Amino acid sequence: MEIVRTVKDLRAKTRQWRNENQSISFVPTMGALHKGHISLVHNAKSIADKVVVSIFINPTQFNEKNDFSCYPKEEKKDIEMLEKAGANLVFIPTADEMYPKGFSSSVTVSGVSDCLCGGSRAGHFEGVATVVTKLLLQVLPDVAVFGEKDYQQLQVIKRLVQDLDVPVKIVGSPTMREKDGLAMSSRNARLNEKQRHAATNIYAVLNSIAIDASNGLDIEKACEHGKKALIDSGFSYVDYLEIRDAETLEIRKKTIDKQARIFCAAQIGSVRLIDNIAVSF
Ligand code: PAF
């Protein structure tokens with residue numbers, strides 16, 4: 001596995017692969033890798049000849065300075081995990097490499113970016129859309145793999161790739177969960193024992209709402225009960241707990257007539273957790 005830190009070195013390697021007719025899949029990450037990321041790498045490996053992984057903690061997608069400065073940095077461990085997972089190339093650029101002096105462009109995806117996390121994290125999806133556009137144009141992969149854990153991010157990226165004619169197929173990969181159902185996330189490491197225990201309630205609440213919704217019960221009522229259950233279990237704040245269309249992310253208030261998902265973001269201690277699941281009907 002090779003490690004490159006500049007766009008020039010990255011392009012030299014991917015150009016060589018393209019000339020050899022090798023297909024390329026790409027997994028963008030911010031590091032602090034866990035089994036969820038590794039499952040994305042395995043998925044990427046199963047669909048292309050070569051796998052490129054990027055590690056870049058993108059400053060422009062953090063709307064809170066503290067969240068950015070607290071973000072775990074574990075480069076050595078990440079590299080070992082990627083080597084073991086069979087990645088072929090790791091791209092680890094510096095902030096100056098990604099945003100050189102004078103950088104002044106951005107990518108905005110309206111509609112799917114506006115609701116859910118877009119409502120409470122100003123500028124977050126613009127930061128994500130801009131860095132992902134850059135990374136896709138730097139790597140020029142055939143396929144890029146994103147986790148469904150960040151389902152809204154996945155829809156934002158699908159939209160931008162379609163709108164801007166970026167020649168890449170975007171693939172969503174299922175959320176990896178701990179044995180007790182908690183969605184794997186780099187943020188879980190910041191939970192103390194009590195918070196970690198309470199955190200499992202997100203998945204439990206999502207499942208209970210999914211059952212109610214697919215049985216035709218009142219969606220809004222089910223979500224209200226779910227919010228109360230989360231607060232009672234130790235969450236300080238529920239940012240959202242909503243059922244939305246799986247593609248357009250338009251809100252579903254009464255009944256579901258099309259593929260839908262339940263989305264949740266909730267705060268426990270200093271940690272904001274998100275999760276989502278599909279609702280069958
Ligand atoms: O999902 C993430 O880790 C980040 O948002 C991404 C896609 C790597 C962009 O910085």
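Computed from a predicted model, the values in this text were never measured in an experiment. Counting starts at 1 for both ligands and their atoms, following the listed order.
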Which atoms of ligand 1 sit under 4.0 Å from any heavy atom of [X]?
X    : result
P28  : 8 (C)
V131 : 9 (C), 10 (O)
M30  : 3 (O), 4 (C), 8 (C), 10 (O)
Q61  : 4 (C), 5 (O), 9 (C), 10 (O)

Exercise. Tell me, which protein residue and heavy-atom name are nearest atom 7 (C) of ligand 1, and how many Å apart are they?
Worked result: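 Result for atom 7 (C) of ligand 1: Q153 NE2, 3.5 Å.
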Exercise. Looking at E80 and K76, does any basic side-chain N land under 4.0 Å from a carboxylate oxygen?
Worked result: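 A salt bridge is present here (some side-chain N lies under 4.0 Å from a carboxylate O).
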Exercise. Between D67 and R187, is there a salt bridge with N-O shorter than 4.0 Å?
Worked result: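 Looking at D67 together with R187, the answer is yes, because their closest N to O distance falls below 4.0 Å.
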For this session: Run the numbers on S236 and Q267 for side-chain hydrogen bond (donor to acceptor under 3.5 Å, both in side chains), then give the verdict.
Result: CA-CA 6 Å; S236 55; Q267 182 88 17; 5.5 Å; no
Problem set entry | Positive for salt bridge (Lys or Arg N to Asp or Glu O under 4.0 Å) with D239, one of R121, K227, R272 |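 So, applying the salt bridge (Lys or Arg N to Asp or Glu O under 4.0 Å) to D239 and each of R121, K227, R272, only R272 qualifies.
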Exercise. What is the ring orientation for Y99 with F56, classed by angle as parallel under 30°, tilted 30 to 60°, or perpendicular over 60°?
Worked result: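 Tilted.
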Exercise. Can an N or O of T29 be found at a distance shorter than 3.5 Å from an N or O of ligand 1?
Worked result: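 N/O-N/O distance under 3.5 Å: no.
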Problem set entry | Part of L135 within contact of ligand 1 (heavy atoms, under 4.0 Å) |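 For L135, there is no contact with ligand 1 at all, from either part.
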For this session: Would you confirm whether the ring centroid of F62 sits within less than 6.0 angstrom of the ring centroid of Y71?
Result: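 Distance test on ring centres: under 6.0 Å, yes.
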